[in-house]
Amino acid sequence: MYNFKKIEKKWQEYWSDNKTFEVKNKGDKPYYILVEFPYPSGAGLHVGHVRSYTAQDVRARMMRMQGYNVLYPMGYDAFGAPAEEYAIKTHQHPKNVVRDNIKVFGNQMRSLGFSFDWSREFSTTDPEYYKWTQWQFIQFFKHGLAYKDVTKVNWCPKCKMVLSNEDAQGGVCERCGTTVTQREKSQWMLKMASYSEDLLKGLDDTNFAPRIKLGQINWIGKSTGVEMDVNIVGGGKFSIFTTCIETVYGITFFVIAPDGKLIKELMPRVKNKEEVLSYIKETSLKSNMDRTELNKGKSGVLVEGIKAINPINGEEVPIFLGDFVLGDYGTGAVMAVPAHDQRDYEYANAHGLPIVQVIEGDISNSAFEKQDYLGKGIKLINSSEFTGMTVEEAKEAITNKLESAGIARRVNNYKMRDWVFGRQRFWGEPIPMIYCDKCGWQPVPDTDLPVMLPDVTEYEPTDTGESPLAKIDSFVNCKCPKCGGDAKRETDTMPQWAGSSWYFLRFMDPHNKDIFASMDSMKYWNKVDWYNGGMEHTARHLLYARFWVQFLFNIGLVPNKEMIWTRVSHGMILGSDGEKMSKSKGNVINPDDMVSEYGADSLRVYEMFIGDYTKDASWSENGLKGCFKFLNRVWNLQDKLNNDSGFSSNLENIIHKTIKKVTNDINNMSYNTAISSLMILLNEMDKFDSITRDDYRLLLQLLNPFAPHITEELNEKCKLGELFTNSVWPSYDESKTEDSELEIGVQINGKLRSTIKIKKDEDKSVVEKIALDDEKVKKNILDKEIIKVIVVPNRIVNIVVK
RNA sequence: GCCUGAGUGGCGGAAUAGGUAGACGCACAGGACUUAAAAUCCUGCGAGAUUCAACCCUCGUGUCGGUUCAAGUCCGACCUUAGGCACCA
């Protein structure tokens with residue numbers, strides 16, 4: 001058993017002392033490899049971190065040997081509630097908690113031999129860093145993309161803070177799982193919705209994995225339709241949005257949002273004010289969950305005294321208030337066509353409203369909806385001059401008619417909303433804004449940045465929905481930067497996603513004091529070439545980061561509209577029981593324990609070998625032991641070294657094959673099969689009594705990105721050549737990867753009956769003859785008639801007989 | 001309900017373009033070494049039938065069909081399962 005403890009420590013110190021992995025912003029072939037920086041929690045590094053960090057480390061180490069100037073940085077995303085909560089519990093400032101956790105994380109990552117450029121390390125909580133986060137927020141403000149508005153926001157009663165839609169997916173708090181409630185609150189918002197189309201189009205300039213692109217497309221949620229004006233009997237009008245204008249003759253009522261602006265405007269004319277007002281109030285108390293999951297009962301109330309006119313046929317129809325219509329999507333009003341929309345169908349039945357069919361189909365039990373009729377040549381009925389047209393023709397014709405009458409427009413709507421940017425917590429970047437009664441909101445002048453968090457001991461969150469900073473007078477009271485009068489600071493802080501929206505830019509130029517990163521540095525690295533992160537960040541971090549970057553690009557501060565090229569995501573490592581690792585289940589594996597028992601190299605190799613990198617995998621300590629055994633066999637192979645040079649002739653073929661396989665597999669993230677081909681190579685070498693130094697060095701070099709310590713040690717110990725960190729990645733000779741003699745299968749009627757040996761690229765007729773001469777084949781076709789013989793060169797022979 | 005994936009031995013998982021299914025590893029069994037154990041090494045290892053034994057044979061990649069000389073792979077329908085979205089008009 002080799003002494004991995006001693007060896008791993010030795011090489012980690014060597015790399016650190018020699019600054020082996022520090023890179024300059026110059027040189028040919030820049031390549032930027034990034035992995036999501038961790039949140040330094042008290043739990044320490046997770047084996048899941050080890051998986052993705054190793055995968056990217058393998059890529060980085062191989063590409064350095066291929067001559068690339070590789071930037072592989074690491075830092076910490078350390079603002080946020082967990083550190084704050086722990087600090088409150090232990091009565092200290094969160095910055096101390098973060099400092100201690102970062103130390104632990106750093107040591108853990110160093111113990112795994114990751115080739116990070118530690119000279120570029122920072123934390124989002126460093127004042128020198130969050131100064132620029134604040135500065136960039138001010139740019140959003142100056143360009144009209146940050147605004148404060150009273151909106152209904154998601155509120156987590158347990159965390160006592162506002163959540164963005166992205167943080168409240170599924171109606172529960174992302175962090176603690178508590179059901180989210182709704183609150184009216186004055187909030188800083190970023191106009192992300194205005195970037196919907198750009199964020200959608202920008203995906204074309206990226207190489208994100210398909211499932212990631214799709215996740216973003218779904219989240220942005222574009223729908224194309226028609227916005228149509230609807231007149232109200234007795235004056236006034238409103239607009240509705242629909243994707244099914246072809247059903248316009250089937251309108252039997254309209255529904256408007258109880259939380260929208262329209263009902264407020266109509267209020268003076270409403271006859272049943274009390275009923276309407278109480279419904280509005282009722283709705284405002286409901287969480288999104290209540291309005292959706294729990295309450296599909298189609299609640300609603302007729303707005304009495306107001307009728308709408310269907311613009312296509314002049315019919316007067318009633319207006320309802322219904323909480324399934326959302327005030328902040330589309331126009332906050334919909335046309336209801338119960339015959340062709342299931343939701344409207346149920347609503348009509350619940351409220352005794354008429355149903356008018358306008359498209360051929362069965363509506364006796366449910367609505368005949370667009371997924372039932374689109375693309376099938378189905379025709380319209382009861383639709384005046386459009387009767388008889390297919391739905392596709394009618395869609396176009398009706399839109400044209402309404403458009404030329406000036407009462408409708410083709411529009412797109414997006415599900416994605418503006419980004420709720422304020423958090424009522426202490427441990428975040430203070431939003432650098434000052435409110436002056438005379439001058440309104442004013443940004444903090446650049447020279448006063450960063451706005452630092454005060455050194456206080458009391459900062460518990462409040463039930464009022466106000467930030468704990470609001471209670472600290474010395475923080476709140478300040479002077480207006482414009483008029484110099486008394487003013488108050490904004491006391492909300494930024495969401496955790498703020499700092500991570502641009503950290504990859506800072507890594508390109510981490511020590512810059514004049515700007516968040518210089519244009520020259522960013523132009524040198526150009527983009528993040530390969531970014532790895534969790535699938536759960538698809539609709540949040542990755543989208544926020546793209547929005548942030550697109551904005552910076554639009555104001556000329558970054559060189560590309562998309563700063564991330566390839567984005568991939570890893571699968572989770574589950575406990576050995578197949579469940580997500582958690583303290584309560586007691587199935588958590590601490591990487592430190594594994595490193596001390598089997599060594600970092602074994603853990604790295606195992607996590608790469610565990611299975612398809614993009615899929616979840618269950619932990620197995622036996623699997624890890626197998627990889628430990630593999631490395632020990634590699635270690636013991638040194639006893640077989642002879643003094644010959646060059647590759648052993650009987651190994652040359654497999655060596656070239658393995659170079660090809662490992663190189664391609666690393667490029668394609670097929671790390672598990674790269675390891676398996678290295679195991680095969682070892683098995684081959686082990687069959688011989690002796691191997692050459694070049695054979696051995698080659699094996700070690702291909703293994704080096706995965707197991708950097710043991711390979712570097714053996715390379716030095718056996719004096720095989722220069723350090724792998726200074727070496728060139730081996731190339732393969734295609735002709736030497738091919739076998740001159742092949743064994744191929746012979747099938748009879750598609751069933752394998754024999755195998756034959758042939759020369760590579762042998763003439764078809766010769767192969768056919770060999771196959772037919774084969775004893776087993778002869779036996780099988782004795783009394784049968786040969787219909788046809790199919791020879792696929794170098795692959796297979798299939799004999800069809802009767 | 002909609003949108004994605006995924007279903008292959010006891011287990012994790014392999015299998016460019018349809019072309020010898022089960023690579024590699026784990027577990028397990030037998031053997032060698034050892035006083036013994038661990039470690040290490042060797043052999044076997046999808047299921048079934050048959051045989052002294054071997055060969056051979058039959059079945060086999062979620063289910064049912066289809067295309068093809070040939071299907072884990074392509075097409076159609078379905079089942080199971082994981083994840084995402086969900087009264088988004």
Side-chain angles (χ1 to χ4, degrees), chain A residues 1 169-171 210-211 214-215 217-219 221-223 225-226 240-244 247 254-255 257 288 291-293 295-299 322-326 328-337 341-344 346-347 369-371 413-417 535-536 538-539 572 576 606 609-612 614-627 629-630 632-633 636 664 668 670 672-680 682-683 686 743-756 776 779-780 787-801:
Chain A
M1 211 172 81
Q169 294 183 35
R211 59 176 178 160
L214 202 64
I217 290 167
N218 289 340
W219 188 258
K222 179 177 182 173
S223 47
V226 174
I240 58 98
F241 173 71
T242 181
T243 56
C244 303
T247 63
F254 289 92
V255 187
N288 268 349
R291 279 177 75 168
T292 58
E293 288 288 296
N295 193 30
K296 292 198 172 173
K298 306 296 176 253
S299 80
D323 66 6
F324 73 82
V325 179
L326 307 173
D328 60 350
Y329 178 77
T331 59
V334 300
M335 65 182 211
V337 183
D341 182 290
Q342 188 59 25
R343 190 188 54 198
D344 297 347
E346 286 164 23
Y347 199 86
E369 296 186 279
K370 60 181 167 190
Q371 64 263 29
N413 265 306
Y414 305 88
K415 282 201 250 181
M416 191 172 70
R417 315 292 154 91
M535 209 45 206
E536 71 276 15
T538 301
M572 267 190 300
S576 48
Y606 171 61
F609 187 60
I610 195 167
D612 184 331
T614 62
K615 296 197 187 113
D616 293 353
S618 300
W619 180 264
S620 155
E621 191 156 335
N622 278 327
L624 172 55
K625 278 182 195 163
C627 292
K629 196 167 121 181
F630 165 62
N632 273 298
R633 289 183 61 208
N636 294 334
N664 291 342
N668 298 328
S670 303
N672 54 338
T673 49
I675 302 282
S676 100
S677 67
L678 288 167
M679 289 172 169
I680 293 169
L682 171 69
N683 290 345
D686 220 5
E743 197 181 69
I744 64 167
V746 182
Q747 299 177 329
I748 293 166
N749 286 347
K751 289 191 176 172
L752 186 75
R753 292 292 182 230
S754 182
T755 54
I756 54 171
K776 284 183 197 165
K779 220 163 80 186
N780 269 287
I787 311 273
K788 170 153 80 155
V789 179
I790 294 150
V791 178
V792 183
N794 302 330
R795 288 254 172 206
I796 206 156
V797 179
N798 192 10
I799 302 164
V800 186
V801 299

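Protein chains get the first letters and strands the later ones, always in sequence-line order, with residue 1 at the start of each. Please read these numbers as outputs of a predicted model, since none were measured by experiment.
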**Prompt:** Ignoring hydrogens and geometry, is there a side-chain-to-backbone donor-acceptor pair from A:Asn749 to A:Val801 under 3.5 Å?
**Reply:** yes

**Non-hydrogen side-chain atoms of A:Met535 and A:Arg211 separated by less than 4.5 Å** = yes

**Message:** I want to verify the glycosidic state of B:G9; is it syn or anti under the 90° rule?
**Reply:** syn

**Prompt:** Which part of the nucleic acid, if any, lies within contact of A:Gly215, taking any heavy atom under 4.0 Å across all strands shown: a base, the sugar-phosphate backbone alone, or nothing?
**Reply:** nothing

**Message:** Do A:Thr247 and A:Met335 make a side-chain contact, defined as non-hydrogen atoms from C-beta onward lying under 4.5 Å apart?
**Reply:** yes

**Item:** Where RNA chain B forms stems, i.e. three or more consecutive Watson-Crick or G-U pairs with both distances under 3.5 Å
**Value:** B:1-7 with B:79-85, B:10-12 with B:24-26, B:28-32 with B:40-44, B:46-48 with B:57-59, B:62-66 with B:74-78

**Item:** Min side-chain heavy-atom separation A:Ile675-A:Tyr606 under 4.5 Å
**Value:** no

**Gap between atoms CD and P, on A:Glu743 and B:U20 respectively (whole Å)** = 12 Å

**Message:** Working note: A:Val789 + A:Ile799, criterion side-chain contact (heavy atoms from CB on, under 4.5 Å); need CA distance, chi angles, decisive distance, verdict.
**Reply:** CA-CA 4 Å; A:Val789 179; A:Ile799 302 164; 4.2 Å; yes

**Request:** For B:A17 versus B:G5, give the span between their C1' atoms, rounded off to a whole number of Å.
**Result:** 23 Å

Could you run down the sub-3.5 Å N/O contacts of the protein with nucleotides 54-60 of chain B?
from: B:C56; atom 1: OP1; to: A:Lys776; atom 2: NZ; distance (Å): 3.3
from: B:C57; atom 1: OP1; to: A:Arg753; atom 2: NH1; distance (Å): 3.3
from: B:U58; atom 1: OP1; to: A:Arg753; atom 2: NH2; distance (Å): 3.3
from: B:U58; atom 1: OP2; to: A:Arg753; atom 2: NH1; distance (Å): 3.2
from: B:C59; atom 1: OP2; to: A:Lys751; atom 2: NZ; distance (Å): 3.2

**Item:** B:A21 versus B:G76 - spacing of their P atoms, nearest Å
**Value:** 26 Å

**Request:** In whole angstrom, give the distance that lies between atom CG of A:Asn794 and atom P of B:U20.
**Result:** 13 Å

**Request:** Looking at every strand, decide which applies to A:Thr755 at a 4.0 Å heavy-atom threshold: base, sugar-phosphate, or nothing.
**Result:** base

**Euclidean distance for C1', B:U73 against B:U67 (whole angstrom)** = 14 Å

**Request:** Provide the distance between the two P atoms, one in B:A77 and one in B:C11, to the nearest whole Å.
**Result:** 31 Å

**Item:** Separation between OG1 of A:Thr673 and CE of A:Met679, rounded to the nearest 0.5 Å
**Value:** 11.5 Å

**Message:** With rounding to the nearest 0.5 angstrom, report the SG to CG distance, A:Cys627 to A:Asn622.
**Reply:** 11.0 Å

**Prompt:** Can you tell me if the side-chain N/O atoms of A:Tyr414 get under 4.0 Å from OP1 or OP2 in B:C88?
**Reply:** no

**Prompt:** Are side-chain heavy atoms of A:Lys776 and A:Val746 found at a separation under 4.5 Å?
**Reply:** no

**Request:** Grab the CZ-P distance between A:Arg795 and B:G19 for me, whole Å please.
**Result:** 6 Å

**Request:** Check the distance between B:A86's P and A:Leu326's CG and give it to me in whole angstrom.
**Result:** 11 Å

**Message:** Using a heavy-atom cut-off of 4.0 Å across all strands, would you classify A:Asp344 as base, sugar-phosphate, or nothing?
**Reply:** nothing

**Asked** Can you tell me how far the OH atom of A:Tyr329 sits from the CG atom of A:Asn413, to the nearest 0.5 Å?
**Response** 4.5 Å

**Complete:** Distance col, row A:Arg795:CZ vs A:Ile790:CD1, nearest 0.5 angstrom, shows 15.5 Å

**Prompt:** side-chain contact (heavy atoms from CB on, under 4.5 Å) between A:Asn672 and A:Ile610: does it pass, once the steps are laid out?
**Reply:** CA-CA 7 Å; A:Asn672 54 338; A:Ile610 195 167; over 6 Å; no

Under 3.5 Å, which protein N or O atoms sit close to an N or O of nucleotides 37-48 of chain B? Give each pair with its distance.
none

**Prompt:** For A:Ser223, which contact category applies under a 4.0 Å heavy-atom criterion: base, sugar-phosphate, or nothing?
**Reply:** sugar-phosphate

**Message:** So A:Asn413, base contact, sugar-phosphate only, or nothing? Heavy-atom distance under 4.0 Å.
**Reply:** nothing

**Complete:** A:Lys222 meets the salt bridge (charged side-chain N to carboxylate O under 4.0 Å, His left out) criterion, sequence neighbours left out, with A:Glu197

**Item:** Closest to the A:Asn683 side chain, choosing from B:C88, B:C24, B:G19
**Value:** B:C24

**Prompt:** On RNA chain B, nearest-nucleotide positions of A:Ile610 versus A:Gly626: which is more 5'?
**Reply:** A:Ile610

**Fill in**
For A:Leu326 and A:Ala257, the nearest pair of non-hydrogen atoms, with its separation, is C-CB, 3.7 Å

Pairs: protein N or O with nucleotides 65-69 of chain B N or O, under 3.5 Å:
from: B:C69; atom 1: O2'; to: A:Asn798; atom 2: ND2; distance (Å): 3.0
from: B:C69; atom 1: O2; to: A:Asn798; atom 2: ND2; distance (Å): 2.6

**Asked** Atom CZ of A:Phe609 and atom P of B:A23: how far apart are they, to the nearest Å?
**Response** 12 Å

**Asked** Atom CD of A:Glu346 to atom P of B:A89: distance rounded to whole Å?
**Response** 16 Å

**Request:** Working to the nearest 0.5 Å, report the span between CD1 of A:Ile217 and OG1 of A:Thr538.
**Result:** 12.0 Å

**Prompt:** In whole Å, what separates the C1' atom of B:G62 from that of B:C41?
**Reply:** 41 Å

**Message:** In this structure, how many angstroms lie between the C1' atom of B:U16 and the CG atom of A:Asn664, rounded?
**Reply:** 10 Å

**Complete:** note: A:Lys625, atom NZ; B:C24, atom C1'; distance rounded to Å ~ 19 Å

Pull out every protein N or O sitting under 3.5 Å from an N or O of nucleotides 3-8 of chain B, one pair per line with the distance.
none

**Request:** Dump the intermediate steps for side-chain contact (heavy atoms from CB on, under 4.5 Å) on A:Leu678 and A:Leu682, then the final yes or no.
**Result:** CA-CA 6 Å; A:Leu678 288 167; A:Leu682 171 69; over 6 Å; no

**Asked** Could you give the distance from CD (A:Gln342) to CD (A:Gln371), rounded to the nearest 0.5 Å?
**Response** 9.0 Å

**Prompt:** If we take the C1' atom in both B:G46 and B:G22, what is their distance in whole Å?
**Reply:** 8 Å

**Asked** Taking the six-membered ring for Trp, are the ring centroids of A:Phe609 and A:Phe630 within less than 6.0 Å of each other?
**Response** no

**Asked** So which one's nearest nucleotide on RNA chain B is more toward 5', A:Ser676 or A:Gly745?
**Response** A:Gly745

